[in-house]
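Each chain gets a letter, A, B and so on, in the order its sequence line appears, and its residues count up from 1.
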There are 2 protein chains.
Amino acid sequence: MPKIVDHEQQKIKVAEAAWRVIRQSGIENASVRNVAQEAGISPGSMRHYFSTQSELFLFSMNLVSERANARIAALSFDRPMPEVVRDMMRELLPLNEEKRSEMEVWLAFMSRSIWDAALHDLANRVYEEMNQGMIRTVAALAEQGLVRKELDAEEEGRRMQVFVDGIALHGLLYPERMTPEYMERLLDQYLEELYRK
Amino acid sequence: MPKIVDHEQQKIKVAEAAWRVIRQSGIENASVRNVAQEAGISPGSMRHYFSTQSELFLFSMNLVSERANARIAALSFDRPMPEVVRDMMRELLPLNEEKRSEMEVWLAFMSRSIWDAALHDLANRVYEEMNQGMIRTVAALAEQGLVRKELDAEEEGRRMQVFVDGIALHGLLYPERMTPEYMERLLDQYLEELYRK
DNA sequence: TCCTTTTTAATACACTCGTATTATATAGGT
DNA sequence: ACCTATATAATACGAGTGTATTAAAAAGGA
């Protein structure tokens, strides 16, 4: 029998190499050769895991959202709801190097998804996930009486999403101006106002 | 004497061709040849106006912000301030095809500015402009008594900027979900809350 | 009409691209 | 120890890349 290599593990290794190349020099330079070199394997070998560059991109993009989901799922939920909500939203901001890294790559893929049809579905799927998550969060806050029961959960959920993504975007594009501290400040201000509604 | 061609006009023609290529197939495909073809001139001829691709990108990116500035400057300012403010902010959202086009290109350049040092300065300059504009707007509203005088103009200006950019981002990335109507709705809600402060 | 300066076009160079094909090395079951 | 399925590597191909160089065309003043 042949040499057995954990296929999925190898794909992840390559995808993470792609992340690093994208962060360093953009998607336009994430060529098969550059990514393979960053991953420490030969281009020919890489094609064994991703038969096409498009597959690699899709997998890499998907891995970003999986990582974020995993981090959120790993939070402890048996705490006061405001604490949980705050922590959830903090996972959607580039507050540390790990999250900044992932989100920079995510932005690159999202920006590309505007014209690259291969990424379009995944982009919309993740949006929908996030959207449902936010709406359910607001609805849960309403049920617990932490916000007005009449508050439109769908509407407020979308506002929440827009505001958090706005903070994250500024954090990525203008890191000197939008520091982690300021991001948290804006987030906390938003939540405080929300709880007054 | 030689054939005289309006140099600046020609550069603009080429830059707009670059926009179209970028919208259609991304910056990664905005090669010298592709842009020249879209502009209807030869690649060799194009190098007469932009001796390097980097120059073309910088000029194209700058032209986007100039166009937005021009549109804002063209607004009539002898109206009630809330109307003016609303119209100003509407210019920062992809509410029609023209603005959507420019902003898609702008997003591509901003995304690239994360790793492309050549675009970094322009990106920050435009941020600063926008930032000052928002802060002065809030301050002016405070002076007119339209918002609380104690309101921190700098803080609220940044919140405004984050929220507007968040709406615009969603408008670009999720046009089916974030329609022009919904963008205006979110904007008006924000302004209404602002005037209650 | 001719001449000079600018604009345009064409071609070339070295390099990188995505992908396909082919050959080599590797490691487990018999 | 050998065999075989798998993983890795190397090479090739046609096409596209940014940029430089060189030649042709064009148009207004003399």
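- A cation-pi geometry, defined here as NZ or CZ lying under 6.0 Å from the six-membered ring centre and within 45° of its normal, holds between B:Arg158 and A:Tyr182.
- Distance A:Phe57 CZ to C:dG18 P: 7 Å, rounded to the nearest Å.
- Of the listed nucleotides (D:dA9, D:dT19, C:dG18), D:dA9 has the atom at the smallest distance from the side chain of A:Ser45.
- Whole-Å rounding puts the B:Arg33 CZ to C:dT16 P distance at 15 Å.
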Under 3.5 Å donor-acceptor pairs involving side-chain atoms of residues 75-86 of chain A, not counting sequence neighbours:
unit_1	atom_1	unit_2	atom_2	d
A:Ser76	OG	A:Arg79	NE	3.1
A:Arg79	NE	A:Ser76	O	2.9
A:Arg79	NH1	A:Asp87	OD2	2.9
A:Arg79	NH2	A:Ser76	O	3.1
A:Arg79	NH2	A:Asp87	OD2	3.1
A:Arg86	NH1	A:Asp188	OD1	2.8
A:Arg86	NH1	A:Asp188	OD2	2.8

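- Only one option out of B:Met110, B:Glu104, B:Glu102 pairs with B:Trp106 in a side-chain contact (heavy atoms from CB on, under 4.5 Å); it is B:Met110.
- Here B:His48 reaches the OP1 or OP2 of C:dT7: one of its side-chain N or O atoms lies under 4.0 Å away.
- Note on A:His7: a side-chain N or O is less than 4.0 Å away from OP1 or OP2 of D:dA7.
- Straight-line distance from the CD1 atom of A:Ile41 to the P atom of D:dT6: 18 Å, rounded to whole Å.
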Side-chain atoms of residues 159-166 of chain A: list all donor-acceptor pairs with protein atoms under 3.5 Å, sequence neighbours left out, distances to 0.1 Å.
unit_1	atom_1	unit_2	atom_2	d
A:Arg159	NE	A:Glu156	OE1	3.3
A:Arg159	NH2	B:Glu193	OE2	3.4
A:Gln161	OE1	A:Asn131	ND2	2.8
A:Asp165	OD2	B:His170	NE2	2.6

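- For the pair A:Tyr49 and D:dA7, the criterion of a side-chain N or O lying under 4.0 Å from OP1 or OP2 is not met.
- The aromatic rings of B:Tyr174 and A:Tyr127 lie tilted to each other, with the angle between the two planes from 30° to 60°.
- The nearest whole Å value for the distance from the CG atom in B:Asn34 to the P atom in C:dC17 is 17 Å.
- Between B:Ile27 atom CD1 and D:dT17 atom P the separation is 15 Å, expressed in whole Å.
- Spacing between atom CG of B:Asn29 and atom C1' of D:dG16 amounts to 10 Å, rounded to whole angstrom units.
- Spacing between atom CD of B:Glu28 and atom P of D:dG18 amounts to 12 Å, rounded to whole angstrom units.
- Within the 4.0 Å cut-off from OP1 or OP2 of D:dG18, not a single side-chain nitrogen or oxygen of B:Thr52 is found.
- For the OP1/OP2 pair of D:dG16 and a distance below 4.0 Å, the side-chain nitrogens and oxygens of B:Ser31 include no atom meeting the criterion.
- Separating the CD atom of B:Glu55 from the P atom of D:dG18 is a distance of 14 Å, rounded to the nearest angstrom.
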